[in-house]
Amino acid sequence: MSNAPTVTHSVDADGIGWIVFDDPASRANVFNPPTQAALRAAVEALAAQPVKAVVVLSGKEKIFIAGADLKWLGKIGHAAEGQQASRDGQALFGLLDHFKAPVVCAIHGACAGGGYELALACHWRIASEAKETVIGLPEVGIGLIPGWGGCARLPRLLGAPAAVDHILKAQLLPAAEAFKAGLVDELAPAAELKARAKAAALALAASGRPARAAAAPADAAFFADQRKAAFSRLRGQPAPLAVLDAVEKGAGLGLDAALDLEAALFGEIAAGEVAKNMVHVFFLKDAVKKLTVDAWFPKPADAHAPAPFKSIGVIGAGVMGSGIAQWCAARGYGVILSDTSREALDRGVAVIRSLFDEAVKRGKMSHDTAHRCMGSIGISTDLYDFGDCDIVIEAIVENVAVKQKVFAELSGIVRPDCILASNTSALPIDELAATATNPGRTIGIHFFNPVSRMPLIEMVLSPHTTRETADRALAFAKALGKSPVLCRSSPGFYVTRALFFYLNEACLLWEQGVPTDALDKAMRDWGWPMGPMRLIDEVGVDVTDFIYGEMRHYFPQRFRGATVCSRMLAAGLKGRKNGASTGFYTYEGGKEALNPAMQQFASGAARAMDAKAIQDHLNGVMIAETKRILDEGVLKSADDADFALLMGAGFPAFRGGLMRSAKSVGLC
Ligand code: NAI
């Protein structure tokens with residue numbers, strides 16, 4: 001590790017002091033005790049010299065300052081320690097705020113959390129218009145609150161409503177939006193940033209610090225509404241509520257007292273369990289970048305980066321196939337999509353077009369890009385068109401024999417190095433691969449529905465899958481911008497198995513008389529985005545019933561299948577899928593209500609079960625199944641299980657992960 005300072009300073013011939021963040025040991029600048037010490041030294045050195053003004057900037061290509069070092073923050077053990085960490089950072093930035101000359105912050109690249117709190121302590125903020133420049137306070141997204149002046153200074157700059165909105169949304173804004181929102185004062189082309197920052201510094205040196213109008217206050221009703229919304233949307237997570245306290249109470253205080261309040265609140269939050277859980281989740285997500293297949297295969301003698309794929313084949317233009325084709329095309333791949341009939345392909349293409357339209361509407365891509373990507377998808381009813389594909393992903397009907405037939409046919413058509421992948425949600429890959437010549441190139445690539453929104457991919461390794469196949473498929477999953485988890489082929493892999501054991505148990509409770517809304521409310525209150533009965537409606541009663549059948553087939557000793565879904569199907573209640581609008585709930589006119597028709601399937605009197613008992617019972621089933629899955633070696637670690645449920649089933653991040661939360665209450 002280099003001993004060179006992470007922050008340097010100089011004074012130019014015009015009397016402008018320069019403070020440059022450029023950690024020589026890292027691609028990013030982050031705040032930790034050495035960087036804080038280096039900044040203090042730089043500010044104190046400039047304070048001892050005759051400078052007219054100061055400019056703070058970064059020497060990195062893509063990052064201004066990415067925020068505080070989370071490894072360091074994650075170690076805060078108790079509230080007093082957190083409070084002190086907050087006070088130290090506030091005091092450091094106070095040196096800039098109270099500097100004898102004006103200070104300009106020149107932002108190019110990511111300016112997040114503590115990086116933007118530094119900018120807030122400066123007297124003028126100018127940002128480059130480059131696409132890598134993103135700005136804001138995302139702390140609430142990892143269970144923390146801005147603790148180095150953000151809660152105190154942003155409302156004074158923007159007014160309380162806009163500041164609360166920004167901090168609670170926890171999103172970084174592109175430079176133009178940050179300018180519009182008032183987070184920065186000026187925009188400049190990246191190439192001119194330094195010169196423009198110097199010009200601003202000289203102007204402030206001549207005119208003095210800019211006078212800023214007093215920001216709009218907010219009334220008690222605003223904060224009451226925000227608290228109510230935070231409770232219902234975020235299940236009472238502590239960080240958003242602490243932000244509201246800091247802003248509301250801080251508004252009536254002088255800046256120093258507001259900073260004291262912020263430090264006390266930060267200490268409590270940073271030492272709390274929710275922040276620890278969410279920082280843990282941050283690291284689980286971050287680990288994906290470095291994920292390899294090393295845990296599953298012996299190390300090869302000569303490792304080399306796999307050649308990127310160019311052409312992707314997708315078989316089946318239904319729900320999943322069209323979603324996969326669209327996602328691949330949007331990531332720049334050439335795609336051939338096939339189905340058995342022209343009508344099925346037309347339906348798939350219409351779905352793909354609507355996905356691109358939606359992406360354009362949501363500002364995810366330009367109209368031109370969407371048009372170009374749409375043009376990179378070819379359609380065919382003939383598997384011979386897959387002759388030049390690097391990988392073919394089948395997403396056809398969930399039936400072993402049909403999938404085996406397709407794998408056998410494909411084997412004779414594709415190149416010998418073409419990977420044959422299945423998107424099956426439950427079938428063991430080795431069974432499907434039984435008919436493929438060279439089964440070493442077969443693998444499961446299990447996307448989740450809807451593909452455009454769900455980040456998880458289960459990469460399913462059969463006993464035949466070679467290291468080379470796994471390496472290439474993993475590189476592909478990462479290039480798609482998805483979050484892969486590796487698992488061994490086994491019925492239902494991980495997420496489907498754990499989730500459907502849980503859903504089945506909820507159905508069994510329902511059959512014993514526990515009401516739909518009691519089950520759903522209990523699990524929502526625990527943090528799941530929706531309750532189990534509502535989830536069955538969403539997945540489809542048909543799909544649920546089918547997977548129950550699969551689970552019964554593969555786990556006959558343990559899967560006590562509920563019957564309510566089969567009975568619902570027989571009565572035409574399919575859930576909410578494909579235009580169907582009745583299941584456990586009705587959805588007439590977009591309004592969700594309990595379905596009275598479900599009475600016909602109830603077997604007896606309603607059974608009262610309190611929320612905690614429901615939560616313990618249903619989470620307990622999922623925990624028990626996950627333990628078995630880990631014992632069987634389907635996944636390599638509890639972290640993998642936690643990551644998969646977070647990314648594939650909406651497990652609440654503030655709980656840190658299923659097995660982590662089970663451990664915290666002594667369940668494993
Ligand atoms: P779907 O029924 O919407 O689409 C299947 C498509 O495959 C249909 O267009 C059908 O015409 C076509 N097809 C059937 N046999 C074919 C063949 N021999 N050759 C070419 N095309 C053929 O089904 P969906 O929901 O897209 O599921 C596809 C696969 O993805 C299944 O294995 C399913 O288990 C899996 N899956 C489904 C998820 C879901 O939520 N729907 C989630 C993850 C995986």
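Any value given below was found using the heavy atoms of this structure, including those in side chains, with hydrogens, waters and symmetry copies removed. Ligands are counted one by one from 1 in listed order, and the atoms in each one are counted from 1 as well.
Contacts of Asp385 classified as salt bridge (Lys or Arg N to Asp or Glu O under 4.0 Å), with partners at least two apart in sequence or in another chain: none. Scanning for side chain to side chain donor-acceptor pair (under 3.5 Å) contacts around Asn399 gives an empty result, with sequence neighbours left out.
Judged by the 6.0 Å distance and 45° axis criteria, Arg655 is positioned over the aromatic ring of Trp526.
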Anything under 3.5 Å between an N or O on ligand 1 and a protein N or O? List each pair with its distance, or write none.
residue: ligand 1; atom: 3 (O); partner: Val319; partner atom: N; Å: 3.0
residue: ligand 1; atom: 9 (O); partner: Asp339; partner atom: OD2; Å: 2.6
residue: ligand 1; atom: 11 (O); partner: Asp339; partner atom: OD1; Å: 2.7
residue: ligand 1; atom: 11 (O); partner: Asp339; partner atom: OD2; Å: 3.4
residue: ligand 1; atom: 26 (O); partner: Val319; partner atom: N; Å: 3.3
residue: ligand 1; atom: 26 (O); partner: Met320; partner atom: N; Å: 2.8
residue: ligand 1; atom: 30 (O); partner: Asn423; partner atom: ND2; Å: 3.0
residue: ligand 1; atom: 32 (O); partner: Ile396; partner atom: O; Å: 3.2
residue: ligand 1; atom: 32 (O); partner: Glu398; partner atom: OE1; Å: 2.4
residue: ligand 1; atom: 32 (O); partner: Lys403; partner atom: NZ; Å: 2.7
residue: ligand 1; atom: 34 (O); partner: Glu398; partner atom: OE1; Å: 2.8
residue: ligand 1; atom: 34 (O); partner: Ser425; partner atom: OG; Å: 2.8
residue: ligand 1; atom: 40 (O); partner: Asn449; partner atom: ND2; Å: 3.2

Evaluation steps, side chain to side chain donor-acceptor pair (under 3.5 Å), between Ser422 and Glu394
CA-CA 5 Å; Ser422 173; Glu394 71 76 13; 2.4 Å; yes
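Evaluation of the side chain to side chain donor-acceptor pair (under 3.5 Å) test over residues 474-484, restricted to residues two or more places apart or in two chains, returns none.
Across every non-hydrogen atom of Cys487 and Leu635, the tightest pair is CB-CD2, 3.6 Å.
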